[in-house]
Asker: 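Here's a structure for you.
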Amino acid sequence: MKTSIIKGIGYYVPENIVKNKDLEKIMDTSDEWIQERTGIRERRWVLENSDESTSSMGTEAAKKAIDNAGISHDQIDFIIFATLSPDYFFPGSGVLIQRNLGLKEVGALDIRNQCSGFIYALSIADQYIKSGMYKNILIVGSELHSGGLEKSTRGRNVSVIFGDGAGAVILQASDDLEKGIMSTHLHSEGKYAEELAVISPATKKWIDKLVEDPDEDGSSYAPYMNGNFVFKNAVVRFMEVINEALVKNNLTKEAIDLLIPHQANLRISQFVQKQLALPNEKVYNNIMKYGNTTAASIPIALAEVIEKDMLNEGDVLCLAAFGSGFTWGSALIRW
Ligand code: ACO
């Protein structure tokens, strides 16, 4: 019997910092509105015309995670890549990581679970490790949102929120059953798929049809989000799925040493914190610096937590996420 531990971690964010004040110059918004509604002060957006891509940022994060784990590239058995902003429509970005890192011809799986992507990836990797199939799995969450955002007043409710970046972990098989992933919990509710989505171009509306019939309302290419509705669902589902993990492991909320919620909105994190009656030092947020980096948000935050030495051996770490799909999930990890 094996357990899965996070053996290495790394992250990468583009250098270019975009402050709320910078956005005031290109759309009708304000630093005050953005901070008050979301907590965000700045985000990273790759420079236009730069060579950076979702896979290149993921590759940088992956290199750091591999170094941090102290393993060689040859020891990686499998790749899982979570993103909603892949380099290409197909193939997925996992194979690009395999190429960029010069890995052996190992399997590469792309998953599309948006803000819950990292937790879904962790859950899949955990099953492979516990079944004995693989020993070292590279998980990457990476997003290049800035290229797809509508940076105008029309798109302001979405574009001010999202940032670019990547995080990666090495999930490794361990014999120490006292440590590692205790459980993961995954959910979806597809009836709300269109409440937070990029509808076209896709097979429902292919690019040639868009040329013939461009959407007057600009719904092509740009993400649509029914923000208020998403917010209301998020706070309920976050609580449900965290409680589900606690119940599964016969724990109460007091057992949580550190909560890393997906960084969608500081107000969502604060609501969850209040419901769980957790003190500030038990909840980690960095949305102020990076905005919402979707599948990358949890691994970036976890990498910062490790940098700051905020986790001790034996601590209970809780990860939770909610996003487009709707999909949501949680993971409890004994550090
Ligand atoms: N600047 C200034 N005003 C704005 C902006 C902006 N950037 N965006 C919207 N507004 C205006 C609206 O037009 C509206 O004006 P009106 O009252 O005159 O009509 C007003 O501000 C309020 O808009 P709301 O959308 O109701 O604002 P809300 O308080 O809901 O905040 C937000 C919007 C931040 C998007 C919030 O709803 C939210 O965070 N939702 C959840 C997001 C989330 O969790 N997403 C899931 C993860 S993402 C993923 O999975 C890909």
Side-chain angles (χ1 to χ4, degrees), residues 18-43 54 82-86 111-121 141-165 186-190 192-199 218 221-239 241 260-272 285 287-288 290-298 300-301 319-329:
V18 179
K19 293 185 181 291
N20 294 345
K21 287 275 176 206
D22 299 322
L23 298 181
E24 288 179 3
K25 294 174 201 152
I26 55 172
M27 61 182 82
D28 180 11
T29 190
S30 68
D31 178 38
E32 193 188 5
W33 190 97
I34 300 170
Q35 288 214 44
E36 191 185 304
R37 305 281 176 134
T38 70
I40 300 166
R41 291 199 296 265
E42 59 191 44
R43 75 284 295 135
T54 297
T83 187
L84 67 70
S85 50
I111 58 161
R112 304 193 46 180
N113 297 83
Q114 297 69 250
C115 292
S116 318
F118 183 74
I119 294 195
Y120 268 74
S142 181
E143 305 284 0
L144 197 157
H145 287 308
S146 59
L149 297 172
E150 194 182 0
K151 296 166 188 142
S152 67
T153 300
R154 190 172 63 183
R156 67 183 179 177
N157 69 319
V158 173
S159 55
V160 302
I161 297 174
F162 290 96
D164 301 339
L186 308 176
H187 294 280
S188 71
E189 194 176 30
Y192 298 130
E194 288 79 15
E195 300 296 339
L196 175 46
V198 176
I199 305 292
Y221 303 104
Y224 167 77
M225 176 162 78
N226 183 351
N228 233 291
F229 185 73
V230 175
F231 191 104
K232 284 180 187 145
N233 278 268
V235 289
V236 172
R237 297 309 193 181
F238 261 107
M239 287 310 302
V241 80
I260 302 182
H262 160 58
Q263 301 292 291
N265 183 323
L266 191 60
R267 285 162 54 216
I268 295 177
S269 297
Q270 287 167 340
F271 180 91
V272 173
N285 290 303
I287 191 168
M288 305 73 97
Y290 302 128
N292 180 348
T293 58
T294 309
S297 100
I298 291 179
I300 293 174
L319 309 176
F322 176 89
S324 159
F326 293 154
T327 61
W328 61 101

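Note that this is a predicted model, so its numbers are computed, not measured. Whatever order the structure lists them in is the order used to number ligands and atoms, beginning at 1.
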Asker: How about Thr294 and His145: do any of their side-chain heavy atoms sit closer than 4.5 Å?
Answerer: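 The answer is yes, as the side chains (C-beta and beyond) meet within the 4.5 Å cut-off.
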
Asker: Going by the closest heavy atom to atom 38 (C) of ligand 1, which one wins out of Asn20, Val160, Asn265, Asn226?
Answerer: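 Residue with the shortest heavy-atom distance to the ligand atom: Asn265.
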
Asker: Which bit of Ile34 gets closer than 4.0 Å to ligand 1, counting heavy atoms only: side chain, backbone, both or neither?
Answerer: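 Neither part.
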
Asker: Do Pro86 and Thr54 have side-chain heavy atoms sitting under 4.5 Å apart?
Answerer: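 No; the side chains remain at least 4.5 Å from each other.
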
Asker: I'd like to check atom 25 (O) of ligand 1 in this structure: does the protein have a heavy atom lying under 4.0 Å from it?
Answerer: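 Protein heavy atoms within 4.0 Å of atom 25 (O) of ligand 1 - there are none.
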
Asker: Can Asn265 and Thr38 be said to form a side chain to side chain donor-acceptor pair (under 3.5 Å), step by step?
Answerer: CA-CA 5 Å; Asn265 183 323; Thr38 70; 5.6 Å; no

Asker: Could you go step by step and tell me if Thr327 and Asn113 meet the side chain to side chain donor-acceptor pair (under 3.5 Å) rule?
Answerer: CA-CA 7 Å; Thr327 61; Asn113 297 83; 4.9 Å; no

Asker: Considering Ala197, Ser30, Cys115, Ser297 one by one, which has a heavy atom nearer to atom 47 (C) of ligand 1 than any of the others?
Answerer: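 Going through Ala197, Ser30, Cys115, Ser297 one by one, Cys115 has the nearest heavy atom to atom 47 (C) of ligand 1.
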
Asker: For atom 1 (N) of ligand 1, what's the nearest protein heavy-atom neighbour? Residue, atom name and distance, please.
Answerer: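 It is Thr29 OG1, 2.6 Å.
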
Asker: For the side chain to side chain contact (heavy atoms under 4.5 Å, CB included) test, which of Ile300, Leu319, Ile111 pairs with Phe118?
Answerer: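 By the side chain to side chain contact (heavy atoms under 4.5 Å, CB included) criterion, Phe118 pairs with just one of Ile300, Leu319, Ile111: Leu319.
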
Asker: Which atoms of ligand 1 have any heavy atom of Ile268 under 4.0 Å away?
Answerer: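 With Ile268 as reference, the close atoms of ligand 1 come out as 44 (O).
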
Asker: For ligand 1, find out whether one of its N or O atoms is nearer than 3.5 Å to an N or O atom of Asn292.
Answerer: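 Among all N and O atoms of Asn292, none is under 3.5 Å from an N or O of ligand 1.
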
Asker: Decide whether an N or O pair under 3.5 Å exists between Ser324 and ligand 1.
Answerer: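 Checking ligand 1 against Ser324, an N or O pair does fall under 3.5 Å apart.
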
Asker: Measure the distance from atom 11 (C) of ligand 1 to every protein heavy atom, then report the residue, atom name and distance (to 0.1 Å) of the closest one.
Answerer: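 Looking only at protein heavy atoms, the one closest to atom 11 (C) of ligand 1 is Arg156 NH2, 3.6 Å.
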
Asker: If I take atom CG from residue Leu23 and atom OG1 from residue Thr29, how far apart are they, to the nearest 0.5 angstrom?
Answerer: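 The distance works out to 7.0 Å.
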
Asker: Nearest protein heavy atom to atom 20 (C) of ligand 1, by residue and atom, and its distance?
Answerer: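 The closest one turns out to be Trp33 NE1, 4.3 Å.
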
Asker: Only heavy atoms of Ile161, strictly under 4.0 Å: list the atoms of ligand 1 that pass.
Answerer: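 Those atoms are 35 (C).
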
Asker: Below 4.0 angstrom, N of the basic side chain to O of the carboxylate: do Arg237 and Glu189 qualify?
Answerer: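 Salt bridge between Arg237 and Glu189, a charged N being under 4.0 Å from a carboxylate O: yes.
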
Asker: More than 12 heavy atoms of other residues, nucleotides or ligands under 6.0 Å from CZ of Arg112: yes or no?
Answerer: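 Result for CZ/Arg112: open.
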
Asker: Compare all side-chain heavy atoms of His262 with those of Cys115 and state whether any distance is below 4.5 angstrom.
Answerer: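 When only atoms from C-beta onward are counted, Cys115 and His262 do touch, with a gap below 4.5 Å.
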
Asker: Is the shortest heavy-atom distance from the side chain of Val198 to the side chain of Tyr224 under 4.5 Å?
Answerer: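 Side-chain contact under 4.5 Å: no.
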
Asker: For ligand 1, which part of Met225 has a heavy atom less than 4.0 Å away: the side chain, the backbone, both, or neither?
Answerer: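 For Met225, the contact with ligand 1 is made by the side chain alone.
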
Asker: Before giving the answer on side chain to side chain donor-acceptor pair (under 3.5 Å), spell out for Asn20 and Glu24 the whole-Å C-alpha distance, their side-chain angles and the decisive distance to 0.1 Å.
Answerer: CA-CA 7 Å; Asn20 294 345; Glu24 288 179 3; over 6 Å; no

Asker: Using a 4.0 Å heavy-atom cut-off, which part of Leu84 comes near ligand 1: side chain, backbone, both, or neither?
Answerer: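 The answer is the side chain of Leu84.
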
Asker: If you measure every N/O of Gly227 against every N/O of ligand 1, is any gap under 3.5 Å?
Answerer: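 Yes - when backbone and side-chain N and O of Gly227 are compared with those of ligand 1, one distance drops under 3.5 Å.
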
Asker: Around atom 43 (C) of ligand 1, find the nearest protein heavy atom and jot down its residue, atom name and distance.
Answerer: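 Looking only at protein heavy atoms, the one closest to atom 43 (C) of ligand 1 is Val230 CG1, 3.5 Å.
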
Asker: For ligand 1, find out whether one of its N or O atoms is nearer than 3.5 Å to an N or O atom of Gln114.
Answerer: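 No: no nitrogen or oxygen of Gln114 is under 3.5 Å from one in ligand 1.
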
Asker: Measure up the Tyr192 and Phe229 rings against each other and bin them: parallel (under 30°), tilted (30 to 60°), perpendicular (over 60°).
Answerer: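 Because their plane-to-plane angle is over 60°, the rings of Tyr192 and Phe229 count as perpendicular.
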
Asker: Checking a contact table here: which protein heavy atom is nearest atom 28 (P) of ligand 1, and how many Å away?
Answerer: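 Atom 28 (P) of ligand 1 sits closest to the protein heavy atom Arg37 NH1, 3.5 Å.
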
Asker: What part of Phe238, side chain from CB on, backbone N/CA/C/O, both or neither, has a heavy atom under 4.0 Å from ligand 1?
Answerer: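 It is neither part, as no heavy atom is under 4.0 Å.
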
Asker: Atom 7 (N) of ligand 1: protein heavy atom closer than 4.0 Å?
Answerer: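 Yes, there is one.
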
Asker: Got the closest protein heavy atom to atom 30 (O) of ligand 1, with its distance?
Answerer: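 Nearest neighbour among protein heavy atoms for atom 30 (O) of ligand 1, to 0.1 Å: Asn228 ND2, 3.1 Å.
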
Asker: Considering only heavy atoms of Asn157, which atoms of ligand 1 have at least one such atom less than 4.0 Å away?
Answerer: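 Result: 8 (N), 9 (C), 35 (C).
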
Asker: Closest approach of Ile40 and Gly291, non-hydrogen atoms and distance?
Answerer: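 So the two residues come closest at CD1-CA, 3.8 Å.
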
Asker: Nearest protein heavy atom to atom 34 (C) of ligand 1, by residue and atom, and its distance?
Answerer: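 Of the protein heavy atoms, Thr38 CG2, 3.6 Å lies nearest.
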
Asker: Provide the number and element of each atom of ligand 1 under 4.0 Å from a heavy atom of Leu196.
Answerer: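 That gives atoms 45 (N), 46 (C), 48 (S), 49 (C), 50 (O) of ligand 1.
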
Asker: Under 4.0 Å from atom 16 (P) of ligand 1, can you find at least one protein heavy atom?
Answerer: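 No, because not a single protein heavy atom sits under 4.0 Å from atom 16 (P) of ligand 1.
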
Asker: For Glu143, run the side chain to side chain donor-acceptor pair (under 3.5 Å) check against Thr293, Thr83, Asn292 and tell me which one passes.
Answerer: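 Among Thr293, Thr83, Asn292, the one that satisfies the side chain to side chain donor-acceptor pair (under 3.5 Å) with Glu143 is Thr83.
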
Asker: Search all heavy atoms of Trp328 against all heavy atoms of Ser188 and return the closest pair with its distance.
Answerer: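 Shortest heavy-atom contact: CZ3-C, 3.7 Å.
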
Asker: Under 3.5 Å between any N/O of Thr294 and any N/O of ligand 1: does that happen in this structure?
Answerer: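 No, Thr294 has no N/O under 3.5 Å of an N/O on ligand 1.
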
Asker: Would you confirm whether any non-hydrogen atom of the protein falls under 4.0 Å from atom 45 (N) of ligand 1?
Answerer: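 It does; a protein heavy atom is within 4.0 Å.
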
